[in-house]
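Starting from 1, each residue takes its place in the sequence as its number.
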Amino acid sequence: MDVTELLESASLLVPEEVAAENDISVRDIWDYLAHDEWEIALSLLEELGDAQPLPLTFWEQLAEAAERLGLERSAAWCHWRSSEIRNGMIRADLTLRPAAEARRETPISGHGVLRPMWDIGNLSPTGDVSVSIAGLWVEDLPVLEPGGRATVRLIPLTPAHWAHVQTGQQINMHEDRTVAGTAVVLEVHLPTPALPTK
């Protein structure tokens, strides 16, 4: 499929009644596609995808279209959203420790590059803290400075480890043995385990 076909196909997966915050709907997308305004159509489809949960195929098609258009940030976001559907997503309010109090002295990339360890209350067989890994995406910021605070999205590497995590729970981020930041869980959306087939 070419870019137009990918965007058209993705737009067909959006219910007609869905509108973004600025009242953009699927009909508006088709107008942009008719005039070969692919980047605008892609951006608006991303907004519609944020307004309502849409299927994995929607995000995969947007990711492929973004890659073909050379839009790295959009491609990364669409791949991220695909991973959220597969592995689940935890939103949290994260505060990093200041550079003077922590090992990290440089900003964290906001676009899903870092995969830190998290103390989410799991214990090892010997009773020690057992950390779990999750990718980190900073909402609305390109980077998060040491000492900074932002809403983040986490994708668990092993969703089953996160099954007990609840809204309001405090979790700690680690890049080594020391606490690099503290987060309060705002939302938990984990994938539903597949039922065994008979």
Report task. Check whether I40 and L42 end up in the same hydrophobic cluster, where Ile, Leu, Val, Met, Phe, Trp and Tyr are linked by side-chain heavy atoms less than 4.5 Å apart. Result -> yes
Query raised in the report: Who are the ring-ring contact (aromatic ring centres under 6.0 Å, His included) partners of H111, not counting sequence neighbours?
Result: W137
Query raised in the report: Counting only N and O atoms by type, is there a donor-acceptor contact under 3.5 Å from the side chain of E145 to the main-chain atoms of T106?
Result: no
Requested in this report: May I ask you to test the E46-C78 pair for a side-chain heavy-atom distance under 4.5 Å?
Outcome: yes
Report task. Kindly give the cluster partners of L123, where membership spreads through any ILVMFWY side chain lying under 4.5 Å from a current member. Result -> none
**Report entry** Remaining members of the apolar cluster that contains I133, side-chain heavy atoms under 4.5 Å
**Finding:** M117, V129, V131, L157
Query - Counterpart residues, side-chain hydrogen bond (donor to acceptor under 3.5 Å, both in side chains), relative to R97 (two or more places apart) - result: none
Query raised in the report: Are L186 and W162 co-members of a hydrophobic cluster defined by side-chain heavy atoms under 4.5 Å apart?
Result: no
**Report entry** Check: Q169 side chain, Q166 main-chain N or O, donor-acceptor pair, under 3.5 Å
**Finding:** yes
Requested in this report: State the OG-CH2 distance between S83 and W59, to the nearest 0.5 angstrom.
Outcome: 12.0 Å
Report task. Name all pairs fulfilling the salt bridge (Lys or Arg N to Asp or Glu O under 4.0 Å) condition that reach into residues 151-167, sequence neighbours left out, sorted by first residue then second. Result -> E84-R153, E139-R153
Requested in this report: Share the residues that join V184 in a hydrophobic cluster, the rule being Ile, Leu, Val, Met, Phe, Trp or Tyr side chains under 4.5 Å apart at the heavy-atom level.
Outcome: none
Query raised in the report: For the atom pair OG1 (T57) and CG (L13), what is the distance rounded to the nearest 0.5 Å?
Result: 6.5 Å
Query raised in the report: Under the side-chain hydrogen bond (donor to acceptor under 3.5 Å, both in side chains) rule, what pairs show up with a residue in residues 32-43, not counting sequence neighbours?
Result: T4-W38
Query raised in the report: Would you say R73 has more than 12 foreign heavy atoms packed within less than 6.0 Å of its CZ?
Result: yes
Report summary line: The salt bridge (charged side-chain N to carboxylate O under 4.0 Å, His left out) partners of D50 (sequence neighbours excluded) come to R81
Query raised in the report: Side chains of P159 and P191: does their closest heavy-atom pair fall under 4.5 Å?
Result: yes
**Report entry** Sequence neighbours excluded - salt bridge (Lys or Arg N to Asp or Glu O under 4.0 Å) pairs with any residue from residues 1-10
**Finding:** none
Requested in this report: Quick one: list whatever passes side-chain contact (heavy atoms from CB on, under 4.5 Å) with S130, sequence neighbours left out.
Outcome: N122, S124
Report task. Can you tell me which residue pairs pass the salt bridge (Lys or Arg N to Asp or Glu O under 4.0 Å) test with a partner in residues 105-123, sequence neighbours excluded? Result -> none
Query - Qualifying salt bridge (Lys or Arg N to Asp or Glu O under 4.0 Å) pairs, either residue in residues 52-64, two or more places apart - result: E60-R86, E64-R68
Report task. Taking all heavy atoms of L190 and all of A163, pick out the closest pair and write down the distance. Result -> CD1-CA, 3.6 Å
**Report entry** Closest contact, heavy atoms only, G112 versus W80
**Finding:** CA-CZ3, 3.6 Å
Query raised in the report: Do I120 and I90 have side chains that get closer than 4.5 Å, going by heavy atoms?
Result: no
Query raised in the report: With the threshold set at 4.0 Å, does a side-chain nitrogen-carboxylate oxygen contact exist between E175 and R104?
Result: yes
Query raised in the report: If you look at every heavy atom in W118 and L94, which pair is closest and at what distance?
Result: CH2-CD1, 4.2 Å
Query raised in the report: Transitively linked via ILVMFWY side-chain contacts under 4.5 Å: L48 with L56?
Result: yes
Query - hydrophobic_cluster_shared for V185 and M89, side chain cutoff 4.5 Å - result: no
**Report entry** Joint hydrophobic cluster, V143 plus L114, side-chain heavy atoms closer than 4.5 Å
**Finding:** no
**Report entry** Gap separating the CG atom of L154 from the CD1 atom of I171, nearest 0.5 angstrom
**Finding:** 5.5 Å
Report summary line: OG of S11 to CD1 of I29, rounded to nearest 0.5 Å, is 7.5 Å
Query raised in the report: Can you find a pair of side-chain heavy atoms, one from T151 and one from D140, that are under 4.5 Å apart?
Result: no
Report summary line: Between A41 and L7, the two heavy atoms sitting closest are CB-CD1, 4.4 Å
Query raised in the report: Regarding E187 and T167, is there a side-chain donor-to-acceptor distance under 3.5 Å anywhere?
Result: no
Requested in this report: Starting at CD of Q61, measure out to CG of L12 and round the result to the nearest 0.5 Å.
Outcome: 9.0 Å
Query raised in the report: Would you call R91 and V152 a side-chain contact if the rule is heavy atoms closer than 4.5 Å?
Result: no
Report summary line: What one should report as the nearest heavy-atom pair of L54 and I85 is O-CD1, 3.5 Å
Query raised in the report: If you measure from CG on N172 to OG1 on T182, what distance do you get to the nearest 0.5 Å?
Result: 4.5 Å
Report summary line: Nearest heavy-atom contact between V138 and A150 is CG1-CB, 3.7 Å
Requested in this report: Please lay out, stage by stage, how M173 and V179 fare under the test side-chain contact (heavy atoms from CB on, under 4.5 Å).
Outcome: CA-CA 6 Å; M173 183 180 110; V179 174; over 6 Å; no
